[in-house]
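In what follows, a structure is listed as structure tokens, so that the remarks can point back to it.
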Amino acid sequence: GGGGDSGSGDAGDDDDDDGMDDFNEVHASFLAASELLVEISDDLFDYEEDVAAGSFNVYRCLVAVYGPRCAAAEMARVITAAEEEYEAAMRLLDPSLAERYRERCREATRAGGG
């Protein structure tokens, strides 16, 4: 008896239905690493305001978990890991795309740093 199974059983064979034909894992990983650094920077800049408002803030969470004496060292570890992830993801980008991204960051820094 044939059992009636005519497929291969691989769940990943049907790529037409997921809508992700143009998804680029390298780009997504890079953007996630970049966004994490932006969010950390924003939270450090807005710390006092976020505490006063009772808003979520990454550093505030670290203070709650590690205590005020150890939170800064833990934040430094988080930033170092995020920077390493960012640099690794940047190295995987096409060099011309990476350079265009760096130039855009320089432009944004000049515009905001006035």
- Query: Do the side chains of P95 and E99 get nearer than 4.5 Å, heavy atoms only?
  - Reply: no
- Query: Do Y47 and F56 sit in the same hydrophobic cluster, where Ile, Leu, Val, Met, Phe, Trp and Tyr count as joined when their side-chain heavy atoms come under 4.5 Å apart?
  - Reply: yes
- Query: How long is the gap from CG on N24 to CG on L97, to the nearest 0.5 Å?
  - Reply: 9.0 Å
- Task: Nearest 0.5 Å please: distance from the CG atom of L36 over to the CD atom of E83.
- Result: 10.0 Å
- Task: Would you kindly confirm whether L37 and V26 end up in one hydrophobic cluster when ILVMFWY residues are joined by side chain heavy atoms under 4.5 Å apart?
- Result: yes
- Message: Between N57 (side chain only) and D43 (backbone N and O only), is there a donor and an acceptor less than 3.5 Å apart?
- Response: yes
- Give the cluster check for V78 versus F45: same hydrophobic cluster or not, with ILVMFWY residues linked at side-chain heavy-atom distances below 4.5 Å. no
- Item | Distance in Å, C61 SG paired with E74 CD, rounded so as to fall on 0.5 Å steps | 12.5 Å
- Report the distance from atom OG of S29 to atom CE of M90, rounding to the nearest 0.5 Å. 13.5 Å
- Item | Side chains of H27 and L93 in contact at under 4.5 Å (non-hydrogen atoms) | yes
- Item | Pairing residues for E103 by the salt bridge (Lys or Arg N to Asp or Glu O under 4.0 Å) criterion, not counting sequence neighbours | R106, R110
- Given the rule that I, L, V, M, F, W and Y join up when any side-chain heavy atoms are under 4.5 Å apart, are V65 and L44 in one cluster? yes
- How many angstroms lie between CE in M75 and SG in C70, if you round to the nearest 0.5 Å? 14.5 Å
- Message: Below 30° counts as parallel, above 60° as perpendicular, anything between as tilted: where do the rings of F30 and Y86 land?
- Response: tilted
- For residues R60 and D50, report the shortest heavy-atom separation together with the two atoms involved. NH1-O, 4.3 Å
- Distance col, row I79:CD1 vs E84:CD, nearest 0.5 angstrom, shows 12.0 Å
- Item | Shortest non-hydrogen contact between A82 and I40, atoms and distance | CB-CD1, 4.3 Å
